[in-house]
Amino acid sequence: MNQVAETKPFINFSLILPKPIFVFFSYDGHGLPIAFRLQQEGYKVYVGMVKELKEIKETEKEKEARLSLYDGLLEKIDADKLLKALSFVKDKSRYFIVCDFSFLYEYGEELKKLGFMGLLPSKQDWELEEERELAQNLVEERYRIFSPKEHYEFSKIDEVEKFLEGTDKVWVLKGNYAEAPTVVPVSNDPDIAKIEILDALRVYQKEYEREGFSLQEKLTDILEFVPEAISFDGIVRGINIDLEIKNFAPGNFGYGGQTGCSVSTIFWLTKKEGEVIYDDFLKPLEKEMLRKNELTIWDAGTIYDKKKKGFFFTEFCIRWGYDAVFDELATLPSAGYYFEKILRGEDIYNPQECSRFGASFRIFVVPEFGVPREKIKSEKIILLNGFDKDIWLWDVKKTSEGLETANFDANVMVITGKGDTMEEALTNAFENIKKVVFGGYHWQLENVLYEGWKNNLPERLKFLK
C-alpha cells in the first residue's frame with residue numbers, strides 16, 4: 001500500500017491547466033449527469049454520443065429515446081466525429097477524456113494510442129466485468145481471502161432444466177448480458193427456488209441466451225459490501241467502501257425485484273485506515289489497474305457469509321459505479337474538485353474539506369422493476385430549486401414544455417446527500433428528494449435504516465467497523 005502511494009507520477013502535473021477541458025464519450029448516458037455538472041461549474045465540456053454498438057441490439061424507437069438523453073441541456077455530437085476531431089489536437093495535456101462505461105473500450109483504446117489521458121477502458125476491463133468465468137479464474141489465481149463458491153456456466157436454458165433436476169442446492173442466476181436480470185430466489189427451499197429460476201429463464205430467454213449465464217451457489221446469511229480504489233497515473237488516490245440495496249422495494253426479490261442499485265451509501269477511508277481493505281480486496285488487481293496517464297476505478301464485490309465465516313467474491317466493476325460515483329461526488333465540494341485533485345497529484349478525500357459519508361436514493365418511473373420500455377410514458381420533472389448539486393438526472397431531456405423523461409429507461413434520477421455518519425447522509429439524501437416534483441417511486445428512509453431485514457445497511461456498517 002505504502003509502496004503504491006510513494007510511486008512518482010508519470011506525468012508533469014504543472015502542465016495541466018487550472019481548468020481542464022472535459023470530453024465525454026457515452027452510449028447510454030451514464031456519464032451525462034457528471035458532464036452536465038461540470039458544465040454548470042464552468043468547465044468546457046464536449047459530449048460524443050455513440051450511435052450504435054455491435055454488441056447491443058435496439059429498435060429505432062429505443063435508439064431515438066437513447067440519443068435524446070440530455071437534449072436541450074448538453075450539446076452532443078456524433079462520437080465518431082468527435083474522435084476524429086481529437087486526432088488533430090496537438091496539446092493533449094489540456095484534455096481529460098471520460099469513456100463512461102467499459103463497453104466503450106474501442107474508443108478508450110484508440111484515445112490511448114492518440115496520447116490522451118482520462119478514464120479509458122480496455123477490452124480486458126470489459127471482459128473482466130462481463131465474463132464471469134474469466135473473473136472467477138483471476139480470483140482463484142490471485143486472491144487468498146475469497147473462499148471458493150460453486151458455480152456453473154450455461155448457454156441454453158434446456159441445459160439448466162436438466163442440471164436443476166439433479167441438485168438439492170439453491171442457486172443464484174446471473175446473466176452475462178447487461179439486460180439479463182440477476183435472480184436471487186426468495187425461498188431457500190430448493191424445489192421452490194428452482195421454479196423461480198426456471199420462470200425467469202423462460203421470461204427472459206433471449207437475454208440470457210444472448211451471452212450466456214451462470215448459476216452460483218446461494219449464500220443465505222450474508223453481509224454484502226464493495227471495496228473500491230480510485231487511481232490516477234499509477235497512484236491510488238482514493239479508497240472507499242460501497243454498501244448497496246439492490247431490491248426494488250422492501251421484501252422485493254427475484255428477477256422482478258432486482259435493480260442495479262436502489263439505495264446506496266459510501267464512506268471514505270484514509271490510506272492508513274484502508275490498508276487492510278486494500279491489501280485483501282484490491283491490491284491483487286494492481287497489475288491491471290495502475291496505469292500511466294489513466295484514471296481507473298476498480299472494485300471487488302464481496303459477501304461475508306456469517307454461517308460459513310468466510311468471504312466470497314461476486315463480481316468486478318472496473319468503471320464508475322452507478323450510483324456510487326454520485327455518492328462520492330456528494331461528499332466533495334464540487335465535481336471539479338474530484339478531477340482537479342487527482343490532476344494535481346493529491347488524494348481525493350481530505351477530512352478537512354469533505355464529508356466522510358455519501359448516500360443516494362434512486363428514483364424510478366414505474367411501480368415495479370422490469371416493466372418493458374415501450375410501456376414507459378413520458379413524465380414531467382420539476383426542480384423546485386433548479387439544478388441542485390444533489391440532483392443527478394439521467395433519463396431526462398429539455399423541451400419547450402420544460403424537463404421531462406426521455407423514456408429510455410425506468411431509472412430516472414439519483415438524489416444524494418452527505419454527512420459525518422451513514423444515517424446523516426441517508427437522512428439528508430431523503431430530504432433532498434423533496435426538491436423534486438416527480439411521480440416516481442423510491443425507498444422510504446425508515447425501511448432503509450430498519451435493522452430487521454437480513455443484510456441491512458446498519459448491520460453491514462457495524463461489521464465493517
Side-chain angles (χ1 to χ4, degrees), residues 1-10 13 119 143 145 223-244 264-287 289-291 294-302 304 311 316-321 323-360 416-426 428-429 457-465:
M1 179 66 187
N2 291 333
Q3 187 177 4
V4 175
E6 292 167 4
T7 305
K8 291 184 179 180
F10 292 107
F13 289 96
L119 182 58
Y143 280 82
I145 195 162
L223 297 171
E224 189 173 6
F225 61 99
V226 184
E228 179 189 85
I230 302 166
S231 72
F232 181 67
D233 201 34
I235 302 176
V236 175
R237 291 302 180 195
I239 302 169
N240 65 63
I241 296 180
D242 175 30
L243 306 178
E244 300 177 345
S264 67
T265 182
I266 69 101
F267 61 95
W268 292 102
L269 300 170
T270 63
K271 282 182 176 174
K272 183 172 179 58
E273 292 169 338
E275 282 182 354
V276 172
I277 287 287
Y278 184 88
D279 289 345
D280 283 343
F281 299 100
L282 300 165
K283 191 171 183 177
L285 276 182
E286 273 187 350
K287 182 180 177 182
M289 295 297 114
L290 298 182
R291 307 177 192 169
E294 291 187 47
L295 168 67
T296 63
I297 301 102
W298 77 98
D299 69 37
T302 302
Y304 178 75
F311 293 94
F316 291 122
C317 181
I318 305 173
R319 55 179 164 80
W320 278 330
D323 313 333
V325 64
F326 304 123
D327 297 352
E328 293 163 10
L329 294 176
T331 68
L332 311 179
S334 67
Y337 177 98
Y338 177 102
F339 296 97
E340 295 212 25
K341 288 283 279 188
I342 61 174
L343 287 170
R344 289 198 297 267
E346 300 173 7
D347 293 342
I348 297 170
Y349 174 63
N350 182 336
Q352 282 70 50
E353 299 175 324
C354 312
S355 297
R356 170 75 71 141
F357 286 82
S360 65
T416 57
K418 64 181 180 180
D420 294 327
T421 66
M422 182 181 73
E423 184 173 348
E424 182 183 3
L426 284 164
N428 287 336
L457 293 185
E459 183 184 16
R460 285 189 250 176
L461 184 60
K462 289 175 186 175
F463 168 75
L464 289 166
K465 284 183 175 180

K.L.:
Using modelled atom types and a 3.5 Å cut-off, is there a donor and acceptor pairing between side-chain atoms of Arg237 and backbone atoms of Gly345?
P.N.:
yes
K.L.:
Applying side-chain contact (heavy atoms from CB on, under 4.5 Å) to Asp280 and Val276, what does each step give before you reach the verdict?
P.N.:
CA-CA 6 Å; Asp280 283 343; Val276 172; 3.7 Å; yes
K.L.:
Is the Phe281 to Phe311 ring centre distance short of 6.0 Å?
P.N.:
yes
K.L.:
Just by distance, do the side chain of Glu424 and the backbone of Asp420 share a donor-acceptor pair under 3.5 Å?
P.N.:
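Side chain of Glu424 to backbone of Asp420: a pair is present.
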K.L.:
Which is it for Leu461 and Phe267 under the side-chain contact (heavy atoms from CB on, under 4.5 Å) test, yes or no, and what are the steps along the way?
P.N.:
CA-CA 10 Å; Leu461 184 60; Phe267 61 95; 3.6 Å; yes
K.L.:
Would Ser264 and Ser360 count as a side-chain hydrogen bond (donor to acceptor under 3.5 Å, both in side chains) here? Give the steps.
P.N.:
CA-CA 5 Å; Ser264 67; Ser360 65; 3.1 Å; yes
K.L.:
Is there side-chain contact between Leu426 and Phe357, with at least one heavy-atom pair below 4.5 Å?
P.N.:
no
K.L.:
What closest approach, in Å, do Asp279 and Pro284 show between heavy atoms, and which atom pair accounts for it?
P.N.:
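Where Asp279 meets Pro284 most closely, the heavy atoms are O-CD, 3.8 Å.
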K.L.:
Can you name the residues that form a side-chain hydrogen bond (donor to acceptor under 3.5 Å, both in side chains) with Glu273, not counting sequence neighbours?
P.N.:
Thr270, Arg356
K.L.:
Check whether any side-chain heavy atom of Ile239 lies under 4.5 Å from a side-chain heavy atom of Trp268, and answer yes or no.
P.N.:
no
K.L.:
Ignoring hydrogens and angles, tell me if any N or O in the side chain of Asp299 forms a donor-acceptor pair with the backbone of Val226 under 3.5 Å.
P.N.:
no
K.L.:
Would you name the heavy atoms of Cys354 and Pro333 that are closest together and state the gap between them?
P.N.:
SG-CD, 4.3 Å
K.L.:
Please determine whether side-chain contact (heavy atoms from CB on, under 4.5 Å) holds for the pair Ile266 and Leu243, giving the CA-CA distance in whole Å, both sets of side-chain angles, and the decisive distance to 0.1 Å.
P.N.:
CA-CA 6 Å; Ile266 69 101; Leu243 306 178; over 6 Å; no
K.L.:
Is the shortest distance from a Lys or Arg side-chain nitrogen in Arg344 or Glu340 to a carboxylate oxygen in the other one below 4.0 Å?
P.N.:
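Yes.
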K.L.:
Does any N or O in the side chain of Ser334 come within less than 3.5 Å of the main-chain N or O of Tyr337, such that one atom is a donor and the other an acceptor?
P.N.:
yes
K.L.:
Are the side chains of Tyr143 and Leu285 in touch, meaning some heavy atoms are under 4.5 Å apart?
P.N.:
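In contact.
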K.L.:
Are Asp347 and Lys341 within salt-bridge range, i.e. N to O under 4.0 Å?
P.N.:
no
K.L.:
First locate atom CG of Leu119, then atom CD1 of Ile230, and finally report the distance between them rounded to the nearest 0.5 Å.
P.N.:
10.5 Å
K.L.:
Hey, are the side chains of Ile342 and Leu295 touching, using non-hydrogen atoms and a 4.5 Å cut-off?
P.N.:
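Sidechains of Leu295 and Ile342: in contact.
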K.L.:
When rounded to the nearest 0.5 angstrom, what is the spacing between CG in Leu329 and OG1 in Thr416?
P.N.:
8.5 Å
K.L.:
Closest approach of Ala429 and Ala359, non-hydrogen atoms and distance?
P.N.:
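Looks like CB-O, 3.8 Å.
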K.L.:
What heavy-atom pair brings Ala425 and Gly419 nearest, and what distance separates the two atoms?
P.N.:
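That would be CB-N, 3.7 Å.
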K.L.:
Might you confirm whether atom CD of Glu423 has over 12 heavy atoms from other residues, nucleotides or ligands at distances under 6.0 Å?
P.N.:
no
K.L.:
Do Glu328 and Lys418 meet the salt-bridge criterion of a basic N to acidic O distance under 4.0 Å?
P.N.:
no
K.L.:
Determine yes or no for a side-chain-to-main-chain donor-acceptor pair under 3.5 angstrom, with Arg460 supplying the side chain and Glu244 the backbone.
P.N.:
yes
K.L.:
How far apart are the C-alpha atoms of Ile297 and Arg319, what are their side-chain angles, what is the distance that settles it, and do they pass the side-chain contact (heavy atoms from CB on, under 4.5 Å) test?
P.N.:
CA-CA 5 Å; Ile297 301 102; Arg319 55 179 164 80; 5.8 Å; no
K.L.:
So, do Met289 and Arg291 sit near enough that their side-chain heavy atoms are less than 4.5 Å apart?
P.N.:
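Yes. Closest side-chain heavy atoms under 4.5 Å.
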K.L.:
Any non-hydrogen side-chain atom of Leu457 less than 4.5 Å from a side-chain atom of Met422?
P.N.:
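Yes, at least one pair of side-chain atoms sits under 4.5 Å.
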K.L.:
To the nearest 0.5 angstrom, please state how far the CG atom of Asn428 sits from the OG1 atom of Thr421.
P.N.:
8.5 Å
K.L.:
Please find the pair of heavy atoms, one from Thr302 and one from Pro227, that lie closest to each other, and give the distance.
P.N.:
OG1-CD, 3.9 Å
K.L.:
So Phe225 and Leu464, do their side chains get closer than 4.5 Å, heavy atoms only?
P.N.:
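SC-SC contact between Leu464 and Phe225 confirmed.
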K.L.:
Evaluate the ring planes of Trp320 and Phe339, with Trp represented by its six-membered ring, and classify them as parallel (under 30°), tilted (30 to 60°) or perpendicular (over 60°).
P.N.:
perpendicular
K.L.:
Among Leu290, Thr296, Leu282, which residue satisfies the side chain to side chain contact (heavy atoms under 4.5 Å, CB included) criterion with Val236?
P.N.:
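Single pass found, and it is Leu290.
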K.L.:
Are Glu286 and Lys283 packed together at the side-chain level, in the sense that at least one heavy-atom pair is separated by less than 4.5 angstrom?
P.N.:
yes
K.L.:
Run the side-chain hydrogen bond (donor to acceptor under 3.5 Å, both in side chains) test against Tyr304 and tell me which residues pass, sequence neighbours left out.
P.N.:
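Tyr304 satisfies side-chain hydrogen bond (donor to acceptor under 3.5 Å, both in side chains) with no residue once adjacent residues are dropped.
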